[in-house]
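Beneath this line is the structure, given in structure tokens, with notes to follow.
Letters go in sequence order (proteins before strands), and every chain restarts at 1.
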Amino acid sequence: MPELPEVEVLARHLAPLLTGRTIQDVEVRRPRVIRPTSERRLRSVLVGARFTALTRRGKYLLFALKPEGGQPAVSLLGHLGMTGRMYLQPADGRLAKHTAVVLCLGRENFVFEDTRYFGRLTLDVKALSALGPEPLNADFTVTGFAAALKRSAQPIKVKLLDQSVVAGVGNIYASEALFRARLSPRTAARRLAVSRVERLWNSVREVLTEAIAFGSTVPMDWGGTGGGDGLFYYGRADGSARSNSTPDSYYERLRVYDREGRPCERCGARIKRIVQSARSTFYCPRCQKM
DNA sequence: CACCATGTTCCTTG
DNA sequence: CCAAGGAACATGGT
């Protein structure tokens, strides 16, 4: 789930549910996800604090909180890693197997669940300083993008995953943006002519914008279909949203990602899968030539 | 058992 | 100092 669009949709969903609510207790079931913050410090800072805002930066969630008694505002940083989910559930509900952190809000719990525990919920905010521009904001410029790409001999697909070049693009949308721009994922970043950089700049923004718009209307099963237990889910309750063999609207809207061997929707050629920096890249060998 | 998975960080090498 | 490559992290699906 978690590239920029999914995190953005989650932030928009959670913001009104959390704002104004006060944390009454903190339960850390997997200390690794809060590091380097200690459990004691997380508790002392968060218990009694009230959510004032929730924003997104790249793939990160930024929870703004006001502690009790005039203390300075604090920021809590969240990252979903590969498999993280965040949602509210009734305080008397059963916690999911891989629940990592629970923030008790009274009648409900705010739950951070993460099967692989690659995600984060921490008071350490310094990861943000390494991030490049927000692709949908004015600080992401064609000239700045071109300048960053000029410094690298790596394939453009690999460079798109570099969060210091542009924040929030992940493995799915990197392939999708290159398909849309009709650029080969293998081209060395520094060899892209400015006209092509501009095409890619537009494609990155379009792909992300469309995914946010789509996610805001269709695929999120907030109400939960997991047996009427009243959970608020992010994603499909049965997890089927991620299988290529059980395609749903999420996968159907992707043009190349996870479509190896299937026909290109533009030209009919078979979509190819290659490995770059140990990650899969999907592209159309006919539409995306060097 | 093998390989794959939406991500980041740390370590090494050049 | 920097760019680049690879392993590690941890669990589950196919």
- Item | A:Arg255 to A:Phe179, cation-pi by 6.0 Å centre distance and 45° axis angle | no

Pairs of donor and acceptor atoms involving the side chains of residues 58-73 of chain A, under 3.5 Å and at least two apart or interchain, shall be tabulated with distances.
unit_1	atom_1	unit_2	atom_2	d
A:Lys59	NZ	A:Val169	O	3.3

- Item | Nucleotide of B:dC4, C:dG12, C:dT11 approaching A:Arg273 most closely (side-chain heavy atoms) | B:dC4

- A:Glu113 CD to C:dG12 P: how many Å, rounded? 11 Å

- For the pair made of CE in A:Met82 and C1' in C:dC9, what is the distance, rounded to whole Å? 11 Å

- Task: Check side chain to side chain donor-acceptor pair (under 3.5 Å) between A:Arg196 and all other residues, then give those that pass, not counting sequence neighbours.
- Result: none

- Which residue pairs pass the side-chain hydrogen bond (donor to acceptor under 3.5 Å, both in side chains) test when at least one of the two sits in residues 125-136 of chain A, sequence neighbours left out? A:Arg56-A:Glu134, A:Arg57-A:Glu134, A:Asp124-A:Lys126

Between the protein and nucleotides 2-5 of chain C, which nitrogen or oxygen pairs are less than 3.5 angstrom apart?
unit_1	atom_1	unit_2	atom_2	d
C:dA4	OP1	A:Ala153	N	2.8
C:dA4	OP2	A:Ser152	OG	3.2
C:dG5	OP2	A:Gln154	NE2	3.3

- Query: Can you tell me if A:Gln276 and A:Thr281 form a side-chain donor-acceptor pair at under 3.5 Å?
  - Reply: yes

- Query: Looking only at side-chain N and O atoms, does A:His98 come under 4.0 Å of OP1 or OP2 in C:dA10?
  - Reply: no

- Message: Output the rounded distance in Å from CG (A:Leu61) to C1' (B:dT8).
- Response: 16 Å

- Query: Can you list the residues that meet the side chain to side chain donor-acceptor pair (under 3.5 Å) rule with A:Glu206, with sequence neighbours excluded?
  - Reply: A:Arg180

- Query: When the distance from CG of A:Asp114 to C1' of C:dA10 is rounded to whole Å, what number comes out?
  - Reply: 9 Å

- Message: To the nearest 0.5 Å, what is the distance between CZ on A:Arg29 and CZ on A:Phe112?
- Response: 13.5 Å

- Length of the CG-P vector between A:Leu161 and B:dT8, whole Å: 9 Å

- Message: Between A:Val158 and A:Val197, is there shared hydrophobic-cluster membership here, with clusters defined by ILVMFWY side-chain heavy atoms closer than 4.5 Å?
- Response: no

- Mapping A:Arg116 and A:Ala278 onto DNA chain C by nearest heavy atom, which one lands closer to the 5' end? A:Ala278

- Name the nucleic acid region contacted by A:Thr83, choosing base, sugar-phosphate or nothing; use a 4.0 angstrom heavy-atom cut-off, strictly under. nothing

- Quick one: stems for DNA chain B, with Watson-Crick or G-U pairs under 3.5 Å, at least three in a row? B:2-5 with C:11-14, B:7-14 with C:2-9

- ILVMFWY network linking A:Leu77 to A:Val47, side-chain heavy atoms under 4.5 angstrom: no

Would you tabulate the side-chain donor-acceptor contacts of residues 17-24 of chain A under 3.5 Å, counting partners in other chains and residues two or more places apart, or write 'none'?
unit_1	atom_1	unit_2	atom_2	d
A:Thr19	OG1	A:Ala15	O	2.7
A:Arg21	NH1	A:Glu108	OE1	2.7
A:Arg21	NH2	A:Leu105	O	3.3

- Note on the structure: Residues joined to A:Ile274 in its hydrophobic cluster, side chain to side chain under 4.5 Å directly or through other members, sorted by chain and number, are A:Tyr283

- Message: Using a strict heavy-atom distance below 4.0 Å, which residues from residues 30-41 of chain A are in contact with DNA chain C?
- Response: A:Arg30, A:Arg32

- Message: If we check side-chain contact (heavy atoms from CB on, under 4.5 Å) with A:Gln288, which of these qualifies: A:Leu183, A:Thr187, A:Leu178?
- Response: A:Leu178

- Tell me: CG of A:Leu4 to P of B:dG7, nearest whole Å? 11 Å

- Item | N/O (side chain, A:Lys59) to phosphate O (OP1/OP2, B:dT8) under 4.0 Å | yes

- Establish, for the pair A:Arg199 and A:Trp201, whether the NZ or CZ atom is under 6.0 angstrom from the six-membered ring centre and no further than 45 degrees off its axis. no

- Which of residues 162-174 of chain A have a heavy atom under 4.0 Å from DNA chain B? A:Gln163, A:Gly170, A:Asn171, A:Ile172

- Task: Mind calculating the distance between NZ (A:Lys97) and C1' (C:dG12) to the nearest angstrom?
- Result: 9 Å

- Message: Please tell me if A:Arg279 has a side-chain N or O lying less than 4.0 Å from either OP1 or OP2 of B:dG7.
- Response: yes

- d(NE2, A:His79; C1', B:dT9) in whole Å: 11 Å

- What pairs of residues pass the salt bridge (charged side-chain N to carboxylate O under 4.0 Å, His left out) test when at least one of them lies in residues 161-177 of chain A, not counting sequence neighbours? A:Lys159-A:Asp162

- P atoms of C:dA10 and B:dC11, separation to the nearest Å: 15 Å

- Item | Cluster check A:Val26, A:Met86: I/L/V/M/F/W/Y, side chain < 4.5 angstrom | yes

- Message: Between A:Arg273 and A:Asp258, does any side-chain N to carboxylate O distance fall below 4.0 Å?
- Response: no

- Message: Quick check on the hydrophobic clustering: are A:Leu161 and A:Met82 connected, directly or via other members, by side-chain heavy-atom contacts under 4.5 Å?
- Response: no

- Contact check, residues 117-134 of chain A vs DNA chain C, heavy-atom distance under 4.0 Å, returns A:Tyr117, A:Phe118

